[in-house]
Each structure stands twice: as C-alpha cells, then as structure tokens.
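Notes follow once the structure below has been shown.
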Number of protein chains: 2
Amino acid sequence: MALGKDYATQECSIASALEVIGERWTLLVIRDAFYGVRRYNDFLVHLGIPRAVLSARLRALTEQGIMEKRRYQESPPRDEYVLTDRGIALWPTMRALGAWGREQLTQVQLRVFRHADCGTELGSYNECPACGTIVPVSDVEVLPGPGLSRDPADPVSRALLKPKRLLQPVVIDPV
Amino acid sequence: MALGKDYATQECSIASALEVIGERWTLLVIRDAFYGVRRYNDFLVHLGIPRAVLSARLRALTEQGIMEKRRYQESPPRDEYVLTDRGIALWPTMRALGAWGREQLTQVQLRVFRHADCGTELGSYNECPACGTIVPVSDVEVLPGPGLSRDPADPVSRALLKPKRLLQPVVIDPV
DNA sequence: GCTGTTGGTTCAATGACCGAACCGACGATG
DNA sequence: CATCGTCGGTTCGGTCATTGAACCAACAGC
C-alpha cells in the first residue's frame with residue numbers, strides 16, 4: 001500500500017491500519033519481532049525476504065513508530081529493531097489472525113501460547129482460562145506445537161524451537 | 001500474494017492466513033461484506049477499487065470458501081456475494097485490527113458496535129460488558145460514530161449511516 | 001593484506017495494480 | 001422495434017511494486 005491512493009478516503013480505522021501494516025511481508029516482520037527476532041540478518045534468513053524489501057519495511061515501521069531502531073554496540077556499529085508499545089498493541093490482531101488461520105486453514109497447531117505464570121494454554125483472546133485475566137504480552141510463553149517440524153533448515157527457526165517468552169531476544173547458537 | 005513463493009514455507013498459521021486474505025483490497029472487501037454490502041456494483045462504488053481487481057478478489061474469496069456467490073434473481077441473472085462461516089470467523093480479526101487502528105492511528109471513533117439485545121457498546125474482544133458474554137456476529141449492531149462524516153458522496157456510504165446489524169443487506173435508497 | 005560478517009544499496013526483469021474502454025444480457029422507454 | 005440505461009463483468013496499455021542477484025562499506029580477526 002503506502003499509496004494512500006484510495007485507502008485514505010475510506011473513513012475507516014481498518015483501512016488506516018492496512019495503510020500502515022497491510023503491505024506484503026510487513027505482518028510477518030512484526031510476527032518475527034514478537035518471537036524475539038531483532039537483527040536484520042535474522043529477519044532475512046528466517047523470512048526469505050528480498051533485502052531491499054526488508055530494508056524498506058523496517059524503515060517504514062520505524063517511521064510509523066511501530067518499531068524502533070536501537071544501537072546495541074558501537075564498533076562495528078550494529079543496530080537492532082524492536083517493537084514499540086504501538087507495535088506490541090498489535091498482539092491481539094496477530095493472535096486473532098493466527099487463530100483463524102489454524103482453525104479455518106491449516107488445522108494443525110504449530111505453536112502453543114501459554115501463560116508463563118501458571119502454564120495454562122491461552123484462549124484466542126489471550127485470556128488465561130485458569131487465572132481469568134487477559135495476559136500481557138510479556139507474560140506469554142511460546143513453544144512449538146505438535147505440527148511444527150523438529151529440524152528446520154535455518155538457524156533462526158532452530159533457535160525458536162526452544163520455549164521462550166514473547167519479545168525476549170532469540171538466541172542463535174553458533175554452527 | 002497468491003504467489004505461494006515464500007509464505008508457503010513459513011510453517012505459520014499467520015502466514016497461511018495472509019496467503020489467503022493478505023492481498024491489497026481483500027480485507028476491505030470482507031469488511032464491506034460484514035457491513036452488508038453484497039453486490040458487485042456496491043463494492044465498486046464504496047471501495048473505489050478497479051473493476052478487474054474486484055473481480056479477481058471476489059473470485060479468489062469464493063474459491064477459498066470465504067464468500068459464496070449466490071443467484072438472487074433470474075432474468076436478468078444477478079448474483080450476490082455473502083460471507084460463509086469461514087468468512088464470518090474473521091470477525092475477531094477485523095475487530096482487533098480496527099481497534100488498533102483507532103487507538104494507535106486515527107484516534108477518532110468512526111463506528112460504534114453494540115450488543116443488539118441490550119444496546120451496550122462492545123469491548124474490543126466483542127464481549128458485552130453488561131451481559132458478560134461474547135456476542136455472536138449476528139447480534140452486533142453497527143452505527144456511525146462521532147467521527148464519521150454525515151453526508152458522504154456515494155450512496156453506499158449514505159446507506160451505511162443507518163444503524164443496522166452486521167451481515168444484514170444494506171439498503172440503497174434510490175436517488 | 002586478506003577474509004568473513006553485518007547491514008545495507010542499486011539495478012534489470014517480472015509481476016501486480018490502475019483506469020479507461022469495451023461488451024453482453026436484459027428491462028424500460030418511446 | 002430501436003434506443004437507452006443498468007449490472008456485472010473482461011481486455012488492454014501504462015505504471016508501480018517486488019524480486020533476486022550483484023555490489024558496496026565498515027569493521028574484526030588472522
């Protein structure tokens with residue numbers, strides 16, 4: 001999108017949202033960010049996205065305040081991209097979309113989301129059936145579901161097989 | 001999308017979902033369908049979408065079982081497009097996306113969603129705070145919010161100013 | 001000095017989207 | 001019965017976005 005052409009005239013918050021996150025790859029970049037991917041190269045190998053497109057998407061997301069570019073070491077200068085509060089607010093959308101995809105399309109559970117405090121699997125509204133509360137993103141634990149392949153090719157997918165909290169940086173182990 | 005190129009290898013229900021509904025215009029067509037738009041021409045004037053793209057999207061959505069093409073009169077033969085159960089299952093996603101757009105981007109409430117039974121405004125999980133239940137799509141009433149313009153140009157937008165239930169066909173009054 | 005890693009940019013080719021024009025089936029009008 | 005208008009499309013040339021490969025710069029380590 002980012003054409004503003006017609007979406008802008010829609011008078012609809014869904015259209016406004018799609019202006020910002022509706023382009024190809026954008027939501028997958030955000031999904032990876034929730035899973036703890038932060039570095040350019042990790043997005044690259046995990047998504048198989050063209051470099052130019054990744055650059056463009058990260059720049060757009062940064063400009064729109066959904067991600068933040070952060071220097072994590074000088075010399076050599078290295079930056080990482082992390083979700084801002086605005087980006088984190090997309091979690092319910094991600095969950096709803098993922099739940100729809102699983103129920104209506106794949107029929108296989110690829111990932112499980114649990115309440116880190118009590119280990120209970122979350123409902124599709126991110127509520128914990130045991131605690132009766134909506135679980136904040138930082139208390140959500142992701143682990144591979146029964147349908148996920150056990151030995152993926154790329155190192156990022158391999159690192160994501162370990163259970164971990166959302167947003168916590170993924171740890172790529174050396175070859 | 002519909003390229004299947006890389007999304008297919010993602011092992012992720014979000015990616016699968018985006019394969020199907022991630023293309024430009026697709027989610028806006030579905031949004032209109034929730035609002036009761038059913039006919040080719042009404043989608044056309046309300047969205048300002050190119051005709052060829054609308055045809056392609058409706059065909060794809062029909063093939064994927066998200067919408068259904070239904071003959072509503074013979075002579076002249078006229079069809080309408082309505083959401084199937086699979087399409088209706090997208091409602092939580094639409095709500096989540098719309099809520100994010102409103103809270104994080106537009107800051108203006110363009111539409112209000114109420115529980116038709118009791119008139120209470122719904123939360124962003126489609127729950128009725130008064131009744132304490134998740135409200136099914138057919139019991140949701142849409143009405144224009146404070147931010148919506150009162151005299152839109154196209155007849156479909158004008159017809160949508162009347163409060164109505166989701167999925168109930170929109171009534172276009174003659175010029 | 002050479003090589004490898006990270007984080008990019010540039011470029012030609014392909015594919016998607018756009019807007020305008022056209023088309024066929026039919027009803028209504030005169 | 002000729003013409004006009006509506007509805008639901010298809011076709012087509014031009015433009016814009018995406019793709020994949022190549023290139024580049026900064027730096028670390030050997």
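Order of the sequence lines sets the chain letters (A, B, ...), proteins ahead of strands, with each chain counted from 1. Please read these numbers as outputs of a predicted model, since none were measured by experiment.
Interface remark: the B/R51 side chain does form a donor-acceptor pair with the D/dG8 base, using a distance-only criterion of under 3.5 Å.
As a whole-Å value, the separation of A/R70 CZ from C/dT6 P is 19 Å. Separating the CD1 atom of B/I49 from the C1' atom of C/dG19 is a distance of 13 Å, rounded to the nearest angstrom. If you take CD of B/E74 and C1' of D/dC7, they are 15 Å apart, rounded to a whole angstrom. If you measure from atom OH of A/Y40 to atom P of D/dC24, you get 17 Å, rounded to the nearest angstrom. Rounded to whole angstrom, the span from the CD1 atom of B/I172 across to the C1' atom of D/dT6 amounts to 14 Å. Per the geometry, CZ belonging to B/F43 stands 15 Å off C1' belonging to D/dG9, to the nearest Å. A/L54 has its CG atom 13 Å from the C1' atom of C/dT9, to the nearest Å. Rounded to whole angstrom, the span from the CD atom of B/Q73 across to the C1' atom of D/dT6 amounts to 11 Å.
Listed nucleotides D/dG9, D/dT18, C/dC26 differ in distance to B/K69; the shortest reach to its side chain belongs to D/dG9. The listed nucleotides are C/dT10, C/dG27, D/dC27; the one nearest the side chain of A/P77 is D/dC27. When the nucleotides D/dG9, C/dG8, C/dC18 are ranked by their closest atom to the side chain of B/Y81, D/dG9 comes out on top. For A/R24, whose side chain is taken as the heavy atoms from C-beta onward, the closest listed nucleotide among D/dT18, C/dC18, D/dA28 is D/dT18. Distance from the side chain of A/V53 is smallest to D/dT18 among C/dC17, D/dT18, C/dG8.
A donor-acceptor pair under 3.5 Å links the side-chain atoms of A/Y40 to the main chain of A/R51, judged by distance alone.
At C/dG7, none of the side-chain N or O atoms of A/N41 fall inside 4.0 Å of OP1 or OP2 (strictly under the cut-off). For the OP1/OP2 pair of D/dT18 and a distance below 4.0 Å, the side-chain nitrogens and oxygens of A/R57 include at least one atom meeting the criterion. A close approach under 4.0 Å does not occur between any side-chain nitrogen or oxygen of A/S55 and OP1 or OP2 of C/dG7. When the side-chain nitrogen and oxygen atoms of B/R39 are compared with OP1 and OP2 of D/dT6, none of them lie within a distance under 4.0 Å. Taking 4.0 angstrom as the limit, A/W25 places none of its side-chain polar atoms (N or O) nearer than this to OP1 or OP2 of D/dA17. Contact annotation: B/R78 does not reach the phosphate of D/dG9 (side-chain N/O to OP1 or OP2, under 4.0 Å).
At least one side-chain heavy atom of B/L161 sits under 4.5 Å from a side-chain heavy atom of B/L148. A 4.5 Å side-chain heavy-atom check between B/C118 and B/C128 finds at least one atom pair inside the cut-off.
For the side chain to side chain donor-acceptor pair (under 3.5 Å) test with B/E121, the passing option among B/H115, B/R114, B/Q109 is B/Q109; the others fail.
In this structure, A/D139 pairs ionically with A/R165, as a charged nitrogen and a carboxylate oxygen lie closer than 4.0 Å. Contact check on A/E80 versus A/R70 returns a salt bridge, with a Lys/Arg side-chain nitrogen under 4.0 Å from an Asp/Glu carboxylate oxygen.
The residue B/A52 sits close to a base: some heavy atom pair falls under 4.0 Å.
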